[in-house]
Chemist: 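Would you mind keeping the following structure in view while I ask a few things?
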2 protein chains.
Amino acid sequence: MASSQGKDPGRVRLSDVAAVAGVSLSTASKALNDGERISEETVARVREAAERLDFQPNALARSFALGRSRTIGVLTHRAASTFAGPVLIGVVLELGTLQQASLVYDENLLVHREITSSIRELRARHIDGLIVVGDGHEHVSPSMSHLFTVPVTYVFAATDRAEDITYLPDNEMAGRLATRHLIERGRTRIAHITSDPESLAVRLRARGMQHELDEAGLQLVGPVRYGTWFQNWGVEAMTELLDSGADVDAVFCGNDHLALGALQVCEARGLRVPDDIAIVGVDNWEGIILDQGVRRLTTVDLRLQMLGRTAAADVIATNRVPGEHLVEPVLVPGPSS
Amino acid sequence: MASSQGKDPGRVRLSDVAAVAGVSLSTASKALNDGERISEETVARVREAAERLDFQPNALARSFALGRSRTIGVLTHRAASTFAGPVLIGVVLELGTLQQASLVYDENLLVHREITSSIRELRARHIDGLIVVGDGHEHVSPSMSHLFTVPVTYVFAATDRAEDITYLPDNEMAGRLATRHLIERGRTRIAHITSDPESLAVRLRARGMQHELDEAGLQLVGPVRYGTWFQNWGVEAMTELLDSGADVDAVFCGNDHLALGALQVCEARGLRVPDDIAIVGVDNWEGIILDQGVRRLTTVDLRLQMLGRTAAADVIATNRVPGEHLVEPVLVPGPSS
DNA sequence: CTGAAAGCGCTTACAG
DNA sequence: CTGAAAGCGCTTACAG
């Protein structure tokens, strides 16, 4: 006798369906799948039998026969980090919706083993595709696409190969949305407080802002105040800005920490926000507070979970388009602007 | 001819290994797996051949033969929520480490389909186990264990069946850790600001606090101030507390929002924190700020990601223990206490 | 349009 | 200790 572990006595097999429908196994299979070159009547009879018996095809047998695992490999770097976390959640939730399992390899694993070893394992598992989750696009990741015969999609990561399919948040659009929002509300004297220009996100957000100002024929209340991503820089830069006596009615901050710092300075000085001065940040990191019904900041949400979902849908799709794809952020209005 | 999709011409099969080792297919299989009733010499020869050919067993064929998918079903409710998110990340990362794929079903799906339909799909996939991710243990989830023949583990959820295996954060210990920390630092006049006593987490944290006070022979600077989880209640309650003229040198707040509100009031009144008054919260929700090197609060971290990892390891384990299991929180010291 | 048969690549009960 | 053979439950090229 052969293995009995694979057996599941209570389970309905396709052969049972075929018997009930009075057709052969192969006809039953074709009727349930492509349905091509099978008479409508037969298809109906087989489907009915399958329905009546509550037939669920054994996914293991199907995968084996087809050589497709309905499993997607997911390679991450520090997946638990603040920004990569939502991306990973989006990836696994969307894959689940698409009936695909996720086989996740975290970097912890990769440093201990050879990278080639984990790739071999991924191949042994016959994954149908691979998603590489980065940690923003500050660092360019080396392309791994040539190591796989299955589709590879990069998300929250840039690669060194132009034909790779990458998904990134649209940081330039984030700058545009924030600035447009302020302009639409009648602000004309807008300043910018942000982090280090070494960061690509900083440069892109600033560029988006500049585009909108140009289109509106406005001048930045300059210079751009570059510093760090931390709240205390927001405090310091806002203090400097106000002390400089600049005529300013709005500030676009590169992230929400800076915006909170700026808000704090304005409140301490008795300036009304947004009446005297409007403030917009980026990240919507107040998620936890928003959950609880309190929101202080206007901000731009980069939709990181949607970014993960989009990449997951892509790796399964048949019409994949090479190159860089940007996911649109959304403006989340709040009382500060 | 049969299906050719399953073929992968470049791939080494077990039969190749057997041929190179000069043994039969069955002997090769046994040598590589159990190794029982096979001579050491043969085992060595087969292993060597496998090594040399870089043999990776086809996981699809293996799963099919054994009836085990190396895939774990994961059922979530609002997985993207603030607290369930880290639990889910812990689950999928740990499963990945254990070479298990994750097949995630989010509630969005479940409301549209019959729950029985998703269970049938999970069964058709021959999952080796199921993890149910809840959203805290405020609501008791109905047990689903009887619907599956594979191991079911609940995490961040309580069920209505005592034999179910559940993993929860230890909220009582969170209250103890916070209070013990304050007592060890010489505080003797400790108050408690927290949310609604309807919440089990509120009651457990308060109970843990009371235990520690009792053991130290201290009295709570009462009454417990029950309210909401929001920062403005922290502000209000702290204001009341100070206005009441109570002699207080520390406050344990039920979460970090309340602690931030309390901190704000103290700072506004010129009280030095922690010199005049020490404050401890719960949640370590400043994660994002911590990433950036700034920390204001002392807090208790419930280790939600570790909670997810622990549950994931459990569902695979052979020695599973029925009942409720608690994951220990850790105190994260900061300048506020 | 339909069906008999081979095949996907393993595991294991059984005979030797 | 070893090997020939059956079996896991599907899919599909081929013949009819």
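Scope of the values below: all heavy atoms of this structure, side chains included, with no hydrogens, waters or symmetry mates. In what follows, chains carry the letters A, B, and so on, assigned in the order in which the sequence lines appear, proteins first and then strands, with residues in each chain numbered from 1.
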Chemist: Between C:dG9 and C:dA13, how far apart are the P atoms? Round to whole Å, please.
Modeler: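 The answer is 23 Å between these two P atoms.
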Chemist: B:Ala61 or B:Thr42: which one's nearest nucleotide on DNA chain D is closer to the 5' end?
Modeler: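 Its nucleotide being nearer the 5' end, the pick is B:Thr42.
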Chemist: Return the value, rounded to whole Å, for the distance between atom CG of B:Leu25 and atom P of D:dG3.
Modeler: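 Roughly 11 Å, once rounded to whole Å.
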Chemist: How many whole angstroms separate atom CG of B:Leu32 from atom P of C:dC10?
Modeler: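 Distance, rounded to whole Å: 10 Å.
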Chemist: Would you list the pairs meeting salt bridge (charged side-chain N to carboxylate O under 4.0 Å, His left out) in which at least one residue belongs to residues 82-97 of chain A, sequence neighbours left out?
Modeler: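 Sorted result for residues 82-97 of chain A: A:Glu94-A:Arg309.
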Chemist: Return the nearest nucleotide to the side chain of B:Lys30; candidates are D:dT2, C:dG3, D:dG3.
Modeler: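 Output: D:dG3.
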Chemist: Whole angstroms only, please: what is the CZ-P distance between A:Arg68 and D:dC10?
Modeler: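 Distance, rounded to whole Å: 17 Å.
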Chemist: Let me know the distance between CZ of B:Arg13 and P of C:dG7, rounded to the nearest Å.
Modeler: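 From B:Arg13 CZ to C:dG7 P: 12 Å.
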Chemist: B:Arg62 side chain: which of C:dC10, D:dA5, D:dC8 is closest?
Modeler: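 Among the listed nucleotides, the one closest to the side chain of B:Arg62 is C:dC10.
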Chemist: If we ignore angles and hydrogens, is there a donor and acceptor under 3.5 Å between the side chains of A:Tyr105 and A:Glu121?
Modeler: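 Indeed, the side chains of A:Tyr105 and A:Glu121 share at least one donor-acceptor pair under 3.5 Å.
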Chemist: Would A:Phe64 count as stacking on C:dC8 if stacking means ring centres less than 5.5 angstrom apart and planes tilted under 30 degrees?
Modeler: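 Base of C:dC8: stacked against A:Phe64.
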Chemist: Taking only Watson-Crick and G-U wobble pairs with both distances under 3.5 Å, what dot-bracket line describes DNA chain C, where [ ] shows pairs that cross earlier ones and | shows pairs with another strand?
Modeler: |||.||||||||.|||
Chemist: Does B:Glu163 have more than 12 heavy atoms from other residues, nucleotides or ligands lying within 6.0 Å of its CD?
Modeler: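 Counting neighbours around CD of B:Glu163, more than 12 heavy atoms of other residues, nucleotides or ligands fall under 6.0 Å, so yes.
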Chemist: Does some side-chain heavy atom of A:Val104 sit less than 4.5 Å from a side-chain heavy atom of A:Thr76?
Modeler: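 SC-SC contact between A:Thr76 and A:Val104 confirmed.
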Chemist: Going by modelled atom types, is there a donor-acceptor pair between the base of C:dA4 and the side chain of A:Ser26 at under 3.5 Å?
Modeler: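 Result: at least one qualifying N/O pair found.
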Chemist: Looking at side-chain heavy atoms only, is the closest gap between A:Met144 and A:Leu75 below 4.5 Å?
Modeler: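 Yes - at least one pair of side-chain heavy atoms lies under 4.5 Å apart.
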Chemist: Can you name the salt bridge (Lys or Arg N to Asp or Glu O under 4.0 Å) partners of A:Asp301, sequence neighbours left out?
Modeler: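 Listed in chain order: nothing, the list is empty.
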Chemist: Given C:dT12, C:dG3, C:dC1, identify the nucleotide with an atom nearest to the side chain of B:Ser29.
Modeler: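 The answer is C:dT12, which lies nearest to the side chain.
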Chemist: Do A:Ser143 and A:Asp160 have side-chain N/O donor and acceptor atoms under 3.5 Å apart?
Modeler: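 Checked: A:Ser143/A:Asp160 side chains show no N/O donor-acceptor pair below 3.5 Å.
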Chemist: How many whole angstroms separate atom CZ of B:Arg123 from atom P of D:dG9?
Modeler: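 Nearest whole value for this atom pair: 16 Å.
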Chemist: Base, sugar-phosphate alone, or nothing: which one does A:Ser63 contact when heavy atoms must sit under 4.0 Å apart?
Modeler: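 If one applies the 4.0 Å heavy-atom cut-off, A:Ser63 turns out to touch nothing in the nucleic acid.
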Chemist: Just N and O in the side chain of A:Ser24: are any of them under 4.0 Å from OP1 or OP2 of C:dA4?
Modeler: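 No, outside the criterion.
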Chemist: Distance check needed: D:dC8 P versus B:Leu60 CG, whole Å only.
Modeler: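 Whole-Å distance recorded here is 18 Å.
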Chemist: On DNA chain C, nearest-nucleotide positions of B:Pro57 versus A:Gly22: which is more 5'?
Modeler: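 Result: A:Gly22.
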Chemist: Sticking with atom P, work out how far D:dA5 lies from D:dC1, rounded to a whole angstrom.
Modeler: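 Pairwise P distance, D:dA5 against D:dC1, rounds to 23 Å.
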Chemist: Compare the minimum distances between each of C:dG3, D:dC10, D:dT2 and the side chain of A:Asn58, then state the nucleotide with the smallest one.
Modeler: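 Given the options C:dG3, D:dC10, D:dT2, the side chain of A:Asn58 is closest to D:dC10.
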Chemist: Cut-off 3.5 Å, side chains only: do B:Arg120 and A:Gln56 have a donor facing an acceptor?
Modeler: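 Their side chains do contain a donor-acceptor pair, which is all the 3.5 Å distance test asks for.
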Chemist: Rounded to whole angstrom units, what separation is found between the CG atom of B:Leu14 and the C1' atom of D:dT2?
Modeler: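 Going from CG in B:Leu14 over to C1' in D:dT2 covers 15 Å.
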Chemist: Compare side-chain N and O positions of A:Ser15 against OP1 and OP2 of D:dG9 and report whether any pair is under 4.0 Å apart.
Modeler: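 A:Ser15 to D:dG9 OP1/OP2: no side-chain N or O under 4.0 Å.
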Chemist: If I take atom CD1 in residue B:Ile38 and atom P in nucleotide C:dT11, what distance separates them, rounded to the nearest angstrom?
Modeler: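 Value for this atom pair: 12 Å.
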